[in-house]
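Got a structure for you, written out below as C-alpha cells; questions coming shortly.
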Amino acid sequence: MTNTNNGKTVDVKINDRGPFVKGRVIDLSRKSFEQIGSINKGTLPVKIDVIDDSNTFRYKH
C-alpha cells in the first residue's frame, strides 16, 4: 500500500471484510498507518497493490 501524498509504502495482510465506514476502502492498524502517514491526519489517499493473492478466498457476489 502506498500513500499517494508522500510515496511511503507498507505491506499489510488483509484478513477481514471491513471497513464498515461509508466512503472507506480499507482500515489499517495504527502501527501500519504510522509507517505511511501522520496518525493525526486520520485518513489519507492510498494506492493498493496486490502482492500475493494465491491464498485468497474470493466471495461470490
Checklist line | Contacts of Lys31 that satisfy salt bridge (Lys or Arg N to Asp or Glu O under 4.0 Å) - sequence neighbours left out | finding: none
Checklist line | Heavy-atom pair with the smallest gap, counting every atom of Lys8 and Gln35 | finding: CD-O, 3.8 Å
Check: Looking at residues at least two apart in the chain, or sitting in another chain, which of them share a salt bridge (Lys or Arg N to Asp or Glu O under 4.0 Å) with Asp11?
Finding: none
Checklist line | Residues clustered with Ile48, ILVMFWY side-chain links under 4.5 angstrom | finding: Met1, Val10, Val12, Ile14, Val25, Ile26, Leu28, Phe33, Ile36, Ile39, Leu44, Val46
Next item on the list: For Asn6, enumerate each residue passing the side chain to side chain donor-acceptor pair (under 3.5 Å) test, keeping only those at least two apart in sequence or located in another chain.
Entry: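 Asn6 satisfies side chain to side chain donor-acceptor pair (under 3.5 Å) with Asn3 only.
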Checklist line | Connected-component partners of Val21 among ILVMFWY, side-chain separation under 4.5 Å | finding: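 Val21 clusters with nothing; isolated.
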Checklist line | Selection residues 33-47 - residue pairs positive for salt bridge (charged side-chain N to carboxylate O under 4.0 Å, His left out), sequence neighbours left out | finding: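 Qualifying pairs: Arg30-Glu34, Lys47-Asp49.
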